[in-house]
Amino acid sequence: MIDKILENLNPQQLEAVKTINGPIMAVAGAGSGKTRVLTRRVAYLIENEGIYPNNILAITFTNKAAEEMRKRVASLLDFSLQGLWISTFHAMGSKILRSEIHHLGYKNDFQIIDDDDCTIIVKKLMKEHNYDQKNFSPKITSHLISAIKGHHASVNGLVEPIRSMIIQIYPLYNKFLKDNNLVDFQDLLILILELFQNFPQVLKKYQEKFEYILVDEFQDTNDLQYEIVKLLAIKHRNLFIVGDEDQSIYSFRGSNIQNIKKFTKDFPEYLTVMLNQNYRSKDVILKAANSVIKNNRNRIKKELYSTMDGGEKLVHYKAETDEEEAYYVYDQIKKYWKNGVKLNDIAILYRNNAMSRKFEDIFLKYNVPHRVIGNISFYKRKEIKDIIAYLHLLINTGDDYSFSRIYNVPKRGIGNVSFNKMVEVAQNNNIKLFDVIDENSDILKGKSKESLLALKNTIIDIRRKINSQSLLDTYDELISKTGYKAMLENDDETADKTFQSERRLDNLNEFKSLLMEKISDYDINFSNYEILVNLLNDLALHEQAQEIDESGEYINLMTVHAAKGLEFKIVFITCLEQSLFPSSQSLMEKFNVDEERRLFYVALTRAKDRVFLTNCRNRFMYGRYMENLDSQFLDEIETEFVERKGMYRPKKEIFERPRQRKTIEINENEYVYEKVEQNVSVGCKIEHKSFGKGVVVAIEDDKIRVAFPSPTGIKILIKNHPSYEVINK
């Protein structure tokens, strides 16, 4: 049995499995067999050391991973694993609370509520305290409360009047849960920590129970999870953590990369085991990944290596346009597909979801099976379907299906009862829902009637002008005057960007890019109305074509975040341009660029055999043309590991922090102004008095090109103009 447990382990893996006592930090590089080590260690503790299964706690991050670990451990042992705790943090919390929550004034038969339940409770409390739900979204408020409870957000970081509202509703929400014996998702951690901190006898019970503790993906733990693990392990000190700083990419979810350093401080006698033999990728891929990640500071140094053959160099292809980039990816995939590579073994990765659209369009055009993983297809995203419904209503006000989708988006105070009355009147009088809206009608009253009349008049007005202005102006007017754009902007402001409203705004801008492309396909004999009709028909056909058999073959399209933990034979990492990957927001702070670099490292190490890196000189995205520099990560790959194709030219600019000095200049018109000679360089951060913070992405003579966060985007400014200054922090 022991031979079975220890077979096929390399020397470092054996050390991690067989070192029984004391704290151990296994630095597990990508593809280094960390799950094998974790499961073999659990089996070894039970089989060789005689440790009772119920004295072992193994924590991982997903139910799927926990189930996989259970199966692997069971396959190594001949007896029941009853009593062995292999679970997620939240499942562990639920199990402990079932026995101990009475100490906190709850009953042990508490009910765990989901996000929808939380929103219903918040909505009830807001109504009781006279908060207008048109101005304060219950869903956003409930998400904010969850973020604050989980220590992912701070009340002090909110703007008024949101801050004052949260200060009142937050304690009322928690009181409501306790009074009704309810526990939300965050409570499964918060109440455990409260138990351990305030009831020493409870902590002692579980410290004695869990003699050996193992934690997977330790770099992804948040502050609450770290404190729970530390308190449980502090007695026996047999804490085994598996993690990799180089793969810490979830700070936006609250994970804290500093927890690894906390571990080394709280358990100073720890042993480090370096798991750096990779069993996934060809060696050239690993060498390229190593050459990039070494640029991050304050990391545990390691060099991944592989015993597999070196493999072919990475290919960097720089296209002239984003369309050429997408066609290049398609052509390469077609070659591999013809040579027998399964589509399931191919992945296209990008930094954010809006970047999938070009690739989706080409695959739809040539009927290539594909699937967007970890998110829905561009054309099926809520904001895109909403805007398509608005456009359908614009060309046909009798489209009841489209009206039913958007009549209350954004909120116009139309409840189900009122809408059902409208449907009844329409059916009884054989008219369309749009025509039910009438000044003299008594079906609707007050603000709801006013808001629907305003919507109807807006649609009629824009429809009337459709052939007298550009379709792009029509689109801008539609998303503006209907309040749809403002809805997303307000969500973004009140939720402190928690609910990805910025990404939805990006998708709206990307849909504008689609409009511009489609318009160019028609000649001047087509009216705007006819173009829009044809375009909407094309989109309907696209949506139908996307209904593929998911049990069959398909190309995988996903963000790099969604690809974490997965592997593919061939990987395309796309849209590699400064301000896209790394993102413009990350360039504001060097620490965030470090995380973007880790994200790129994760992308590289998803590949087994081949990596293609693509970008372009001119990108049409978010409704505008963008001319970005190559991503700085491309030049960080050592030249011996990558083959350059297309329009690539070595970068001459140096990313450095500039100095400032001021002079006075007199221009040709003898107008005196203060000139700020700031030695501006590519990569430095500036703050503009109107546009806010941005990153310099190109310098051209007396002009600079600056990337500001969406929706401002790229701006061309006069170099050394007093309207901005370099940020020295």
Side-chain angles (χ1 to χ4, degrees), residues 132-134 137 379-488 508 511 514-515 518 522 526-544 547:
D132 188 346
Q133 293 174 22
K134 294 178 183 177
S137 163
Y379 297 103
K380 293 184 179 180
R381 292 168 195 165
K382 181 183 183 302
E383 59 275 13
I384 300 303
K385 292 179 76 69
D386 286 346
I387 292 306
I388 288 174
Y390 269 111
L391 291 170
H392 272 293
L393 197 62
L394 199 61
I395 62 172
N396 177 16
T397 58
D399 187 338
D400 283 350
Y401 177 80
S402 294
F403 180 84
S404 299
R405 182 178 182 90
I406 56 85
Y407 74 90
N408 207 32
V409 183
K411 297 291 185 183
R412 297 186 174 93
I414 318 299
N416 290 333
V417 174
S418 297
F419 182 70
N420 289 336
K421 284 183 180 178
M422 291 180 65
V423 172
E424 184 180 352
V425 169
Q427 291 174 345
N428 292 340
N429 293 277
N430 195 28
I431 59 176
K432 296 297 183 180
L433 288 171
F434 194 82
D435 297 324
V436 174
I437 306 169
D438 188 83
E439 183 71 48
N440 299 318
S441 172
D442 59 357
I443 300 170
L444 300 169
K445 297 178 181 179
K447 290 184 177 179
S448 59
K449 183 176 182 178
E450 291 177 12
S451 61
L452 275 186
L453 281 169
L455 172 64
K456 181 175 182 177
N457 291 333
T458 296
I459 295 296
I460 291 173
D461 181 57
I462 298 175
R463 175 183 168 87
R464 177 177 53 81
K465 298 182 295 186
I466 194 168
N467 285 324
S468 61
Q469 64 181 14
S470 77
L471 274 180
L472 300 181
D473 289 339
T474 296
Y475 178 75
D476 288 339
E477 193 174 358
L478 186 67
I479 64 175
S480 175
K481 289 190 174 181
T482 59
Y484 197 90
K485 183 178 181 182
M487 175 188 72
L488 295 186
L508 288 189
F511 189 82
L514 172 69
L515 281 177
K518 297 299 181 183
Y522 295 89
F526 282 83
S527 68
N528 286 342
Y529 180 87
E530 291 171 327
I531 292 173
L532 190 55
V533 169
N534 287 322
L535 187 148
L536 292 174
N537 286 338
D538 288 345
L539 292 180
L541 293 174
H542 273 196
E543 187 170 341
Q544 184 178 13
E547 300 298 331

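By the side chain to side chain donor-acceptor pair (under 3.5 Å) test, Thr482 pairs with no residue at all, sequence neighbours left out. Residues meeting the salt bridge (charged side-chain N to carboxylate O under 4.0 Å, His left out) test with Asp461, sequence neighbours left out: Arg464, Lys465. In this structure, the salt bridge (charged side-chain N to carboxylate O under 4.0 Å, His left out) partners of Lys481, at least two apart in sequence or on a different chain, are Glu477. Considering only residues two or more places apart in sequence or on other chains, Asp476 meets the side chain to side chain donor-acceptor pair (under 3.5 Å) condition with Lys512. Under the side chain to side chain donor-acceptor pair (under 3.5 Å) criterion, Ser470 pairs with Asp473, not counting sequence neighbours. Phe419 is linked by a ring pair (Phe, Tyr, Trp, His ring centres under 6.0 Å) to Tyr407, counting only residues two or more places apart in sequence or in another chain. In this view, Tyr475 and Phe511 satisfy the ring pair (Phe, Tyr, Trp, His ring centres under 6.0 Å) rule, not counting sequence neighbours. Scanning for side chain to side chain donor-acceptor pair (under 3.5 Å) contacts around Ser448 gives an empty result, with sequence neighbours left out.
Every pair passing salt bridge (Lys or Arg N to Asp or Glu O under 4.0 Å) that includes a residue from residues 403-420 is listed here, sequence neighbours excluded: Asp386-Arg405. For the ring pair (Phe, Tyr, Trp, His ring centres under 6.0 Å) condition, no pair includes a residue of residues 436-456, sequence neighbours left out.
The line from CG of Leu478 to OG1 of Thr474 is 8.5 Å long, rounded to the nearest 0.5 Å. Interatomic distance, Ser527 OG to Asn467 CG, rounded to the nearest 0.5 Å: 4.5 Å.
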Please list, one pair per line, the donor and acceptor atoms closer than 3.5 Å that link side chains of residues 422-436 to other protein atoms, with sequence neighbours excluded.
{"unit_1": "Asn428", "atom_1": "ND2", "unit_2": "Glu424", "atom_2": "O", "d": "3.2"}
{"unit_1": "Asn429", "atom_1": "ND2", "unit_2": "Val425", "atom_2": "O", "d": "2.8"}

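Annotation for Asn396 and Arg463: closest pair N-NH1, 3.7 Å, computed over non-hydrogen atoms.
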